[in-house]
Amino acid sequence: MNTNSNTYTVIYSIILVVVVAAVLAFAAMFLKPTQDANVKKDTIGQILTAATFADVADAEILNTYKAEIESAILVDLEGNKVGELDIESCEVYGTSDLKKQIAAEQKALPVYIFKNGITVVPCYGAGLWGPIWGYVGFEKDLKTIKAVRFGHKGETPGLGAKISDEPSFAEAFVAKTIGEGEILFEIAKPANRQTENNGVDAISGATITSQALGKTLNQWFGFYKEYLAKNAETEVVDVVSEEAEVEPVNAMEE
């Protein structure tokens with residue numbers, strides 16, 4: 001065959017493309033289990049952070065999760081349990097699973113309950129340039145926020161990316177509570193907020209991302225509203241009335 005002909009060039013190009021495509025496809029299939037395992041580990045690491053288990057060594061993330069989780073369940077919009085996630089295999093809902101739940105008619109929402117009394121729920125929504133997600137850890141009253149961890153894909157570096165990179169932003173959520181009514185939680189400038197303890201300040205220079213995250217939190221807190229209300233623990237205070245106090249009787253006295 002004439003190596004200088006157009007026919008040779010076309011055939012050579014086709015063969016080269018097919019070979020490269022086959023190699024890439026094989027590499028993708030070969031690496032997928034490892035990639036999936038890394039994604040799962042990263043997701044669990046974020047869940048642990050929201051449960052106050054921060055700075056866990058990468059090699060210990062899975063073991064820490066299995067040791068500290070009490071139960072991982074799925075609930076519907078009425079707050080009823082509709083399933084369980086397998087703890088031994090570290091089964092969790094990833095971002096693709098959370099995305100499906102937004103439009104699902106019969107929702108199955110994950111709830112991660114830890115032995116330290118913290119319950120973690122996720123959120124997922126659209127940011128400025130890509131999806132944003134997060135995990136919120138609640139105290140036993142299922143109303144007060146203990147810790148949070150947010151992530152993003154494609155947010156502007158130094159601005160919108162601060163939702164995951166800026167420690168002070170996550171710290172601002174601590175001790176905040178879920179409100180009542182239409183606005184359960186909001187992220188906005190102080191002058192624009194309609195709530196007091198049910199929101200945090202928006203990130204300066206990243207208003208759109210802040211608003212998107214606030215909308216996402218408000219939506220998902222709405223999804224979990226019934227579950228949180230049904231399973232909240234309230235502090236029981238023992239009150240002894242004066243009438244109930246009985247003076248000790250001395251048997252020797254007449």
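Here, residue 1 is the first one in the sequence, and each next residue gets the next number. Below, all heavy atoms of this structure are taken into account, side chains as well, without hydrogens, waters or symmetry copies.
Crowding of Glu180 atom CD: a count of heavy atoms from other residues, nucleotides or ligands under 6.0 Å not exceeding 12. Within a 6.0 Å radius of NZ in Lys176, other residues, nucleotides and ligands contribute more than 12 heavy atoms.
We find the CZ-CD1 distance between Arg149 and Ile163 to be 9.5 Å, quoted to the nearest 0.5 Å. Put simply, NZ on Lys40 and OH on Tyr65 are 9.5 Å apart, with the number rounded to the nearest 0.5 Å. Distance check: Ile44 CD1 to Ile61 CD1 gives 8.0 Å after rounding to the nearest 0.5 Å. In this structure, CG on Leu217 lies 5.5 Å from CZ on Phe173, to the nearest 0.5 angstrom. Note that CD1 of Ile69 and OG of Ser71 are 6.5 Å apart. Values are rounded to the nearest 0.5 Å. Remark: Glu60 CD to Leu48 CG distance equals 11.5 Å, nearest 0.5 Å.
Every residue two or more places apart in sequence or in another chain was checked for a side-chain hydrogen bond (donor to acceptor under 3.5 Å, both in side chains) with Ser13, and none qualifies. For Asp55, the salt bridge (charged side-chain N to carboxylate O under 4.0 Å, His left out) criterion is met by no residue, not counting sequence neighbours. Residues that satisfy the side-chain hydrogen bond (donor to acceptor under 3.5 Å, both in side chains) test with Glu84, not counting sequence neighbours, are Lys81. The salt bridge (charged side-chain N to carboxylate O under 4.0 Å, His left out) search around Lys66 returns Glu88, not counting sequence neighbours. Partners of Asp201 according to the salt bridge (charged side-chain N to carboxylate O under 4.0 Å, His left out) rule, which considers only residues two or more places apart in sequence or in another chain, are Arg193. Considering only residues two or more places apart in sequence or on other chains, Lys230 meets the side-chain hydrogen bond (donor to acceptor under 3.5 Å, both in side chains) condition with Asn80.
There is no path of hydrophobic side-chain contacts, each under 4.5 Å, that joins Val174 to Ile47. Linking Ile, Leu, Val, Met, Phe, Trp and Tyr whenever their side-chain heavy atoms come within less than 4.5 Å leaves Tyr224 and Ile183 in two separate clusters.
In this structure, Lys115 contributes its side chain and Ala67 its backbone to a donor-acceptor pair below 3.5 Å. Side-chain atoms of Glu186 do not come within 3.5 Å of backbone N or O of Asn198 as any donor-acceptor pair. Asn231 places no side-chain N or O within donor-acceptor distance of the main-chain N or O of Leu228, the cut-off being under 3.5 Å. A donor-acceptor pair is defined here as one N or O able to donate and one able to accept, closer than 3.5 Å; no such pair exists between the side chain of Asn218 and the backbone of Gly214. Counting only distance, with no hydrogens or angles, the side chain of Glu91 and the backbone of Asp86 share a donor-acceptor pair below 3.5 Å.
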Steps toward side chain to side chain contact (heavy atoms under 4.5 Å, CB included) verdict (Val19, Val17): CA-CA 6 Å; Val19 171; Val17 169; over 6 Å; no
Could you check Phe138 against Ile145 for side chain to side chain contact (heavy atoms under 4.5 Å, CB included), going step by step and ending with a plain yes or no? CA-CA 5 Å; Phe138 287 104; Ile145 297 175; 3.8 Å; yes
Which is it for Tyr124 and Tyr93 under the ring pair (Phe, Tyr, Trp, His ring centres under 6.0 Å) test, yes or no, and what are the steps along the way? CA-CA 11 Å; Tyr124 180 93; Tyr93 265 30; over 10 Å; no
As a quick check of understanding, evaluate side-chain hydrogen bond (donor to acceptor under 3.5 Å, both in side chains) for Glu166 and Ser168, giving each step before the final call. CA-CA 6 Å; Glu166 184 59 53; Ser168 62; 3.1 Å; yes
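Residues Trp220 and Val121 have side chains not in contact (no heavy-atom distance under 4.5 Å, counting atoms from C-beta outward). Taking 4.5 Å as the limit, some side-chain heavy atom of Phe150 sits within range of a side-chain heavy atom of Phe169. Within the 4.5 Å cutoff, no side-chain heavy atoms of Thr52 are placed close to those of Phe114. For the pair Phe53 and Ile118, the minimum side-chain heavy-atom distance is 4.5 Å or more. At a threshold of 4.5 Å between non-hydrogen side-chain atoms, the residues Val111 and Leu74 do not count as touching. Side-chain contact between Tyr227 and Leu109 is absent, with no heavy-atom pair separated by less than 4.5 Å. Using a 4.5 Å heavy-atom cutoff, the side chains of Val82 and Val75 are not in contact.
Gln46 pairs in a side-chain hydrogen bond (donor to acceptor under 3.5 Å, both in side chains) with only one of the listed residues (Asp42, Thr43, Thr49), which is Asp42.
By the 6.0 Å and 45° rule, Lys107 stacks over the aromatic ring of Phe223.
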